[in-house]
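No hydrogens, no waters, no symmetry mates; every other heavy atom, side chains included, goes into these values.
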Amino acid sequence: FPSHDTSCKKPIGTKSILCKNKKNGGSIRLDHADIKKMEFIKNTRKLKVCEIGAGGGSSVKKLKKHFNRKNIFAFEKSNNNTKKLQKLLHKKNINPKICAKGIKFDRIILIHTFEHIAKPGLFLNRLAQFLAENGKLFIQVPNSESNPFLLTIADHSIHYTKETLQKTLQKFNFKCEKINYSFGKKEISAICGYHQKLKEIGKADVASISWANRHFKALKAVESFFSSLTNKVYLFGSSLGATWILANFTKKIISLVDEDASRIGNTVMQKKIISLKQLPKKAIIFSTVRPTRLNQIKSKIEQRYCKLIS
């Protein structure tokens, strides 16, 4: 997407965004039932919609059900994902030169992209230039309060909460018409309209960042546990937490354990991902999943006479 360069002679791709690998189009959720209520999708056949950080086209496929194909645009940095998008959209609508063509969009979508932006103010100001009158912006970001391991993602420039996302948007004249949690509070979704000279709604107070202190303590506890560990263990899960632990304590991990059939059999950092059925008896498993999810897997693991640590 064009940077904040004011000369606007040609689009300049930002370095920090869109560098995600959404395998097979990704598992990102675009909640159409929810955004329909906010008239985000209404009388859309003539509207122009743009997704920034479109990945392999997971959301584009859903957008095609509501928007005219010729009016769907996408920006994507990954060459591999761009090739996938070319099968879904007109080639000219992928990474278009919107400065030269003077294109404005009625709907702009950022799904798990905004947290990668190092300078959100400059980015939002730039977005406003390409948003049509009465246009809507849909943003979805991880809820940083939900998982300590989100703090370990290197290319997340900013870690948002519901409060800080809303205040960031409002500071740069995007008013949230609706903002809520989705996917079990793991994500924050917001629909915004642009209004010139909005009044700021105040800065986040000290109490609002207590979640970060809790997360740092939790990460420190995990680090201390593995530093003092004398026996090798299995890791349940193969996403954020497991990857961070594996990167720091590779020699203390035997293998990763997962229930996702699409991951079983693959390798991460030379460690194989196995299924629960492949666990040997009396194995010790360390889990990084949330407590609510932990209860669901505990009985399965104990049935194999294994010990679960979290």
K.L.:
What pairs meet the salt bridge (charged side-chain N to carboxylate O under 4.0 Å, His left out) rule with one or both residues in residues 236-256, with sequence neighbours excluded?
P.N.:
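Pairs touching residues 236-256 that pass the test: none.
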K.L.:
Output the distance between atom CD (Gln166) and atom CD1 (Ile139), rounded to the nearest 0.5 Å.
P.N.:
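Going from the CD atom of Gln166 to the CD1 atom of Ile139 covers 12.0 Å.
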K.L.:
Looking at every non-hydrogen atom in both residues, tell me the closest pair between Leu279 and Ala283 and how far apart they are.
P.N.:
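Smallest interatomic distance, heavy atoms only, reads CD2-CB, 4.2 Å.
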K.L.:
Can you tell me how far the CD1 atom of Ile191 sits from the CD1 atom of Ile179, to the nearest 0.5 Å?
P.N.:
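Between Ile191 CD1 and Ile179 CD1, I get 10.5 Å after rounding to 0.5 Å.
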K.L.:
Taking only residues two or more places apart in sequence or in another chain, which ones pass side chain to side chain contact (heavy atoms under 4.5 Å, CB included) with Lys64?
P.N.:
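Side chain to side chain contact (heavy atoms under 4.5 Å, CB included) list for Lys64, sorted by chain: Val60, Arg69, Ile72, Leu88.
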K.L.:
Using only heavy-atom distances, determine whether the side chains of Ser182 and Ser189 contain a donor-acceptor pair under 3.5 Å.
P.N.:
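Per modelled atom types, Ser182 and Ser189 side chains form a pair under 3.5 Å.
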K.L.:
Measure across Glu51 and Ser59 and return the closest heavy-atom pair with its distance rounded to 0.1 Å.
P.N.:
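Minimum heavy-atom separation between Glu51 and Ser59: OE1-CB, 3.4 Å.
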K.L.:
So which heavy atom on Leu150 is nearest to which on Ser144, and how close?
P.N.:
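Closest pair (atom of Leu150, atom of Ser144, distance): CD1-CA, 3.8 Å.
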K.L.:
Find out whether Val141 and Glu115 are in side-chain contact, i.e. whether some heavy atom of one side chain is under 4.5 Å from a heavy atom of the other.
P.N.:
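Yes, their side chains come closer than 4.5 Å.
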K.L.:
Taking side chain to side chain donor-acceptor pair (under 3.5 Å) as the definition, give me every residue that meets it alongside Asn248, ordered by chain and number, with sequence neighbours left out.
P.N.:
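By the side chain to side chain donor-acceptor pair (under 3.5 Å) rule, Asn248 matches no residue at all.
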K.L.:
Given side chain to side chain contact (heavy atoms under 4.5 Å, CB included), test Lys272 with Leu256 step by step and report yes or no.
P.N.:
CA-CA 6 Å; Lys272 191 174 181 180; Leu256 304 181; over 6 Å; no
K.L.:
Drop me the distance from Ser157's OG to Phe114's CZ, to the nearest 0.5 angstrom.
P.N.:
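The OG atom of Ser157 sits 10.5 Å away from the CZ atom of Phe114.
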K.L.:
Which heavy atom of Ser255 sits nearest to which heavy atom of Ile274, and what is that distance?
P.N.:
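Taking every non-hydrogen atom into account, OG-CG2, 3.8 Å.
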K.L.:
Check whether any side-chain heavy atom of Lys48 lies under 4.5 Å from a side-chain heavy atom of Arg107, and answer yes or no.
P.N.:
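A side-chain contact is absent here, since even the closest heavy-atom pair is not under 4.5 Å.
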K.L.:
Among all residues two or more places apart in sequence or in another chain, which pass the side chain to side chain contact (heavy atoms under 4.5 Å, CB included) test with Ala132?
P.N.:
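With sequence neighbours excluded, Ala132 shows a side chain to side chain contact (heavy atoms under 4.5 Å, CB included) to Lys104, Asp106, given in chain and number order.
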K.L.:
Keeping to residues at least two apart or across chains, list the ring-ring contact (aromatic ring centres under 6.0 Å, His included) pairs with something in residues 248-276.
P.N.:
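Non-adjacent pairs meeting ring-ring contact (aromatic ring centres under 6.0 Å, His included): Phe226-Phe249.
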K.L.:
Would you mind reporting whether Ile158 and Tyr160 have side-chain heavy atoms less than 4.5 Å apart?
P.N.:
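Answer yes - side chains close enough.
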K.L.:
Can you name the nearest heavy-atom pair linking Thr168 to Thr164, along with the distance?
P.N.:
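That closest heavy-atom pairing would be OG1-O, 2.7 Å.
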K.L.:
Among all residues two or more places apart in sequence or in another chain, which pass the side chain to side chain donor-acceptor pair (under 3.5 Å) test with Thr267?
P.N.:
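For Thr267 there are no side chain to side chain donor-acceptor pair (under 3.5 Å) partners, ignoring immediate neighbours.
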K.L.:
Can you name the side chain to side chain contact (heavy atoms under 4.5 Å, CB included) partners of Asn143, sequence neighbours left out?
P.N.:
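In terms of side chain to side chain contact (heavy atoms under 4.5 Å, CB included), with neighbours along the sequence ignored, Asn143 is linked to Glu145, Ser146, Tyr181, Lys185, Ile188.
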K.L.:
Quick test of your reading: applying salt bridge (charged side-chain N to carboxylate O under 4.0 Å, His left out), list the pairs with at least one residue in residues 215-233, sequence neighbours left out, ordered by first then second residue.
P.N.:
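Non-adjacent pairs meeting salt bridge (charged side-chain N to carboxylate O under 4.0 Å, His left out): Lys220-Glu223.
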K.L.:
Tell me, yes or no, whether the heavy-atom count around Lys271 atom NZ, taken from other residues, nucleotides or ligands under 6.0 Å, exceeds 12.
P.N.:
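More than 12 heavy atoms, drawn from other residues, nucleotides or ligands, come within 6.0 Å of this atom.
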K.L.:
Taking atom CZ of Phe216 as the centre, report whether more than 12 heavy atoms of other residues, nucleotides or ligands fall under 6.0 Å from it.
P.N.:
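No, CZ of Phe216 has 12 or fewer neighbouring heavy atoms, counting only those of other groups under 6.0 Å.
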K.L.:
Please examine the side chains of Phe236 and Leu276, heavy atoms only from C-beta on, and report whether any two atoms are closer than 4.5 Å.
P.N.:
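Touching, per the 4.5 Å side-chain cut-off.
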K.L.:
Kindly indicate, with the supporting measurements, whether the criterion side chain to side chain contact (heavy atoms under 4.5 Å, CB included) is fulfilled by Phe172 and Leu127.
P.N.:
CA-CA 10 Å; Phe172 296 99; Leu127 278 187; over 6 Å; no
K.L.:
Nearest 0.5 Å, please: how far is CD in Gln129 from CG in Leu124?
P.N.:
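So the gap between those two atoms works out to 11.5 Å.
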K.L.:
Any sub-3.5 Å donor-acceptor pair from His112's side-chain atoms to Gln140's backbone N or O?
P.N.:
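Here the side-chain-to-backbone pair does not exist.
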K.L.:
Quick one: do Val233 and Ile253 satisfy side chain to side chain contact (heavy atoms under 4.5 Å, CB included)? Show the steps, please.
P.N.:
CA-CA 5 Å; Val233 298; Ile253 308 302; 4.1 Å; yes
K.L.:
Side chain of Asn93, backbone of Leu89: donor and acceptor closer than 3.5 Å?
P.N.:
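Such a contact is absent between Asn93 side chain and Leu89 backbone.
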K.L.:
Under the side-chain hydrogen bond (donor to acceptor under 3.5 Å, both in side chains) criterion, do Thr82 and Glu76 qualify, and how do the steps go?
P.N.:
CA-CA 6 Å; Thr82 298; Glu76 174 56 42; 5.7 Å; no
K.L.:
Please list every donor-acceptor pair under 3.5 Å in which a side-chain atom of residues 237-246 meets a protein atom from a residue at least two apart or in another chain.
P.N.:
unit_1: Ser238; atom_1: OG; unit_2: Asp258; atom_2: OD2; d: 2.6
unit_1: Ser238; atom_1: OG; unit_2: Arg263; atom_2: NH1; d: 3.0
unit_1: Thr243; atom_1: OG1; unit_2: Ser239; atom_2: O; d: 2.6

K.L.:
Do you see a donor-acceptor pair shorter than 3.5 Å between the side chains of Ser78 and Asn80?
P.N.:
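On atom types as modelled, these side chains do not qualify, holding no pair under 3.5 Å.
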K.L.:
With sequence neighbours excluded, what pairs up with Ile264 under the side chain to side chain contact (heavy atoms under 4.5 Å, CB included) test?
P.N.:
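With sequence neighbours excluded, Ile264 shows a side chain to side chain contact (heavy atoms under 4.5 Å, CB included) to Ser275, Gln278, given in chain and number order.
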K.L.:
To the nearest 0.5 Å, what is the distance between CG (Asn134) and NZ (Lys136)?
P.N.:
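Going from the CG atom of Asn134 to the NZ atom of Lys136 covers 7.0 Å.
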K.L.:
Could you tell me which residues satisfy ring pair (Phe, Tyr, Trp, His ring centres under 6.0 Å) with His159, sequence neighbours excluded, listed by chain and number?
P.N.:
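Here no residue qualifies.
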K.L.:
Give the intermediate values and the outcome of side chain to side chain contact (heavy atoms under 4.5 Å, CB included) for residues Phe149 and His215.
P.N.:
CA-CA 8 Å; Phe149 294 104; His215 284 358; over 6 Å; no
K.L.:
The criterion is ring pair (Phe, Tyr, Trp, His ring centres under 6.0 Å); which residues satisfy it with Tyr194, sequence neighbours excluded?
P.N.:
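So Tyr194 forms a ring pair (Phe, Tyr, Trp, His ring centres under 6.0 Å) with Phe174.
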K.L.:
Would you name the heavy atoms of Ala190 and Leu169 that are closest together and state the gap between them?
P.N.:
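Heavy atoms of Ala190 and Leu169 come nearest at CB-CD1, 4.4 Å.
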K.L.:
Rounded to the nearest 0.5 Å, what's the gap from NZ on Lys277 to CD on Glu259? Could you check?
P.N.:
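Here the rounded value is 11.0 Å.
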K.L.:
Is it true that Ser224 and Ser227 share a donor-acceptor pair across their side chains at a distance under 3.5 Å?
P.N.:
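Not at all, the side chains of Ser227 and Ser224 share no donor-acceptor pair under 3.5 Å.
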K.L.:
Going by ring-ring contact (aromatic ring centres under 6.0 Å, His included), Phe105 matches just one of Phe138, Phe73, Phe130. Which one?
P.N.:
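Exactly one option meets the ring-ring contact (aromatic ring centres under 6.0 Å, His included) with Phe105, and it is Phe73.
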